Asks: 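Got a structure here, written out as structure tokens. Questions coming.
Letters go in sequence order (proteins before strands), and every chain restarts at 1. None of the values given here were measured: they were computed from a predicted structure.
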2 protein chains.
Amino acid sequence: MLHEDVVSRIRAILLDGEIPPGARIPERELCERLGISRTPLREALKVLAAEGLVQLLPHRGSRAAKLTDNDMRDLFEVCQGLEALAGELACERITDAEIDAIAAAHAAMVEHYRDGDLIQYYRGNRAIHEAIVTAAGNPVLAGLYTSVTARIRRARYVTPMTPQRWALAVKEHEAILNALQRRDGAGLSHILRAHLRHKREEVLQAGFAETEGNDLTLRIA
Amino acid sequence: MLHEDVVSRIRAILLDGEIPPGARIPERELCERLGISRTPLREALKVLAAEGLVQLLPHRGSRAAKLTDNDMRDLFEVCQGLEALAGELACERITDAEIDAIAAAHAAMVEHYRDGDLIQYYRGNRAIHEAIVTAAGNPVLAGLYTSVTARIRRARYVTPMTPQRWALAVKEHEAILNALQRRDGAGLSHILRAHLRHKREEVLQAGFAETEGNDLTLRIA
DNA sequence: TTTTGCATTTTTGAATGCAAAATTCGCCAT
DNA sequence: ATGGCGAATTTTGCATTCAAAAATGCAAAA
């Protein structure tokens with residue numbers, strides 16, 4: 001197994017919450033499970049620690065990182081900045097075909113909204129945001145975006161929404177698509193920031209920080 | 001020696017250009033120099049690879065990453081986004097004392113400009129940009145900023161400037177300080193982006209990508 | 001019963017050893 | 001001289017091993 005694969009698999013385990021935030025990471029167990037020895041595992045853990053997903057405690061092993069309310073605020077702020085930038089760049093560089101694809105994804109997402117299918121709605125939602133970042137055509141930006149969004153993914157795409165908030169989010173997405181189609185970078189940037197600000201308020205108000213005994217996975221259902 | 005220290009020391013070696021971009025990283029040699037064995041060294045290299053400073057080639061070792069013109073463009077774009085965000089947040093959160101400190105740093109920098117001391121000018125310049133990011137009060141943002149700016153530091157703070165460009169940069173810095181003092185987030189954000197856009201154009205026009213045989217260190221003097 | 005001190009066990013962090021891959025060098029044919 | 005092929009050498013990647021630190025368990029004392 002390649003180094004990057006080891007990193008990816010552990011990342012997936014952490015993001016799925018299989019090892020919940022704050023829990024110790026059992027080296028021996030993970031080694032057996034992945035069929036590797038401790039050396040490559042520990043290399044991967046150090047990389048994930050640099051990413052912020054893992055916390056290393058000298059001589060006391062590693063734990064899945066736990067996000068405080070402050071961390072959440074900081075990450076959402078940065079995410080806003082990155083998406084705003086992506087929106088502007090995307091408007092300069094996006095192709096008609098890419099716009100069409102996003103329009104289709106948007107339509108599908110609205111369908112899921114009409115069906116009241118939050119899981120599928122969130123899936124489509126995420127695809128749209130990622131497509132915009134991809135359309136920005138900046139791999140460095142895409143990389144940072146991936147890493148930052150990974151850390152807030154569960155909060156962002158798991159929070160239950162009130163009907164009002166959901167309706168607002170859909171409206172905002174109409175505006176996002178609209179700005180994209182008009183290639184209005186400043187406008188898109190502005191809407192994306194508002195959109196994410198609202199999402200952040202939702203998440204923080206819902207008390208979704210990964211504090212003791214706040215198991216997000218339980219709320220997915 | 002602690003893991004983070006190993007990472008830092010290798011990072012410094014790379015940023016100083018002691019191992020120039022594109023050059024192979026000699027594991028054995030570095031081990032002796034740092035007085036550690038290959039295991040912790042390789043852990044550090046993998047972390048630096050995730051940061052983008054090192055390139056890992058499977059079964060062929062690691063090299064100091066080399067930046068193409070495209071990489072440079074991407075990094076500057078992201079840097080613009082991060083500084084713009086930092087500027088806005090800083091205007092919301094900066095204290096009067098912090099503004100005074102930046103004003104003092106600005107005055108000192110202008111003195112170095114008058115003296116024609118580019119090295120000292122760049123040093124002060126960097127301190128101001130970093131102070132703004134710090135004043136944003138967002139550790140996640142600060143971390144990303146540090147990592148992104150590290151990669152373009154040599155290009156950014158080594159490029160020789162024409163008198164016209166230098167004068168323009170100083171003017172822009174006047175505007176930056178002004179916006180900060182007025183706590184005009186949108187204005188500061190706008191100026192910072194223009195400022196960095198100009199710097200990027202300078203760097204790219206000067207052909208400062210880290211391509212074959214383009215040794216930046218030679219030009220520092 | 002609770003707490004303190006100590007010995008044992010477990011886990012971490014790093015060095016070493018080993019197999020596989022790649023590079024280098026030498027040899028031979030042209 | 002030069003170009004290609006194969007063996008020797010080096011280097012990589014990982015498993016194993018070893019020393020040190022921390023956690024655990026237990027007994028004795030308060």
Side-chain angles (χ1 to χ4, degrees), chain A residues 1-15 17-66 143 210-213, chain B residues 1-15 17-66 143 210-213:
Chain A
M1 184 155 38
L2 225 50
H3 165 70
E4 253 322 309
D5 297 327
V6 177
V7 175
S8 297
R9 290 195 54 183
I10 302 172
R11 203 196 332 255
I13 290 173
L14 293 170
L15 294 180
E18 202 175 322
I19 296 178
R24 283 192 43 151
I25 295 173
E27 284 191 8
R28 175 175 307 287
E29 210 174 293
L30 264 187
C31 285
E32 287 170 20
R33 176 162 161 191
L34 301 183
I36 57 177
S37 76
R38 285 179 57 226
T39 306
L41 176 78
R42 289 166 54 77
E43 285 172 355
L45 288 179
K46 294 221 156 64
V47 169
L48 292 166
E51 268 180 45
L53 282 173
V54 165
Q55 208 178 351
L56 299 177
L57 302 104
H59 294 287
R60 289 210 246 158
S62 43
R63 314 176 80 85
K66 208 191 294 188
E210 290 168 334
T211 46
E212 215 57 60
Chain B
M1 183 156 40
L2 223 51
H3 165 71
E4 253 321 309
D5 298 327
V6 177
V7 174
S8 297
R9 291 195 53 183
I10 302 172
R11 204 197 329 257
I13 290 173
L14 293 170
L15 294 180
E18 201 175 322
I19 296 178
R24 285 193 41 153
I25 296 173
E27 282 192 10
R28 191 161 301 283
E29 207 176 295
L30 264 187
C31 285
E32 286 170 21
R33 176 162 163 192
L34 302 183
I36 57 177
S37 74
R38 286 178 55 221
T39 305
L41 176 77
R42 289 167 54 77
E43 286 173 354
L45 287 178
K46 293 224 156 65
V47 169
L48 291 167
E51 268 181 45
L53 282 173
V54 164
Q55 205 178 352
L56 299 177
L57 303 103
H59 293 287
R60 288 207 237 162
S62 43
R63 315 176 81 83
K66 207 192 293 189
E210 290 168 333
T211 46
E212 214 58 57

Asks: Side chain of A/His59, heavy atoms from C-beta onward: which of C/dG13, D/dT12, C/dA15 has the nearest atom to it?
Replies: C/dG13

Asks: How many whole angstroms separate atom CZ of A/Arg24 from atom P of D/dA22?
Replies: 13 Å

Asks: Between CZ of A/Arg9 and CZ of A/Arg33, what distance do you get to the nearest 0.5 Å?
Replies: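 Atom-to-atom, A/Arg9:CZ and A/Arg33:CZ are 7.0 Å apart.
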
Asks: Would you mind telling me which residue lines up with the more 5' stretch of DNA chain D, A/Pro58 or A/Met1, judged by nearest nucleotide?
Replies: A/Met1

Asks: Decide yes or no for B/Val47 and B/His3: does some side-chain heavy atom of the first lie under 4.5 Å from some side-chain heavy atom of the second?
Replies: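 Counting from C-beta outward, B/Val47 and B/His3 do come under 4.5 Å.
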
Asks: Counting side-chain heavy atoms from CB outward, which of D/dT12, C/dT12, C/dA15 is closest to A/Arg38?
Replies: C/dT12

Asks: Counting only Watson-Crick or G-U wobble pairs whose two distances fall under 3.5 Å, which nucleotide matches C/dA22?
Replies: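 Paired with C/dA22, as far as the under-3.5 Å criterion goes, is D/dT9.
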
Asks: State the pairing partner of D/dA19; accept Watson-Crick or G-U wobble contacts with both distances under 3.5 Å, and report none otherwise.
Replies: C/dT12

Asks: State, with a plain yes or no, whether a side-chain heavy atom of B/Thr39 is found less than 4.5 Å away from one of A/Arg42.
Replies: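 B/Thr39 vs A/Arg42: side chains apart.
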
Asks: Taking atom C1' of C/dA21 as reference, at what distance in whole Å does atom CG of A/Leu2 sit?
Replies: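 Rounded to whole Å, this separation is 14 Å.
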
Asks: So, for B/Pro40 and B/Val6, which heavy atoms are closest and what is the spacing to 0.1 Å?
Replies: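 In this case the closest contact between B/Pro40 and B/Val6 is O-CG1, 4.3 Å.
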
Asks: Under 4.0 Å between a side-chain N or O of B/Arg60 and OP1 or OP2 of C/dT23?
Replies: yes

Asks: Starting from P on D/dG13, measure out to CG on A/Leu41 and report it in whole angstrom.
Replies: 17 Å

Asks: Can you check the B/Glu43 CD to C/dT12 C1' distance for me, whole Å?
Replies: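 So the two atoms are 11 Å apart, to the nearest Å.
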
Asks: Identify which one of B/Ile10, B/Leu56, B/Ile25 satisfies the side-chain contact (heavy atoms from CB on, under 4.5 Å) criterion when paired with B/Leu48.
Replies: B/Ile10

Asks: What is the distance, rounded to the nearest whole Å, between atom CZ of A/Arg63 and atom C1' of D/dA22?
Replies: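 To the nearest whole Å, that distance equals 13 Å.
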
Asks: Over how many whole Å does the gap from B/Arg42 atom CZ to C/dA15 atom C1' extend?
Replies: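 Between C1' of C/dA15 and CZ of B/Arg42: 14 Å.
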
Asks: If I take atom CZ in residue A/Arg28 and atom C1' in nucleotide D/dT17, what distance separates them, rounded to the nearest angstrom?
Replies: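 The answer, rounded to whole Å, is 13 Å.
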
Asks: Just how far, in rounded Å, is P of D/dC14 from CG of B/Leu56?
Replies: 11 Å

Asks: Distance check: side-chain N/O of A/Ser37 vs OP1/OP2 of D/dA15, anything under 4.0 Å?
Replies: yes

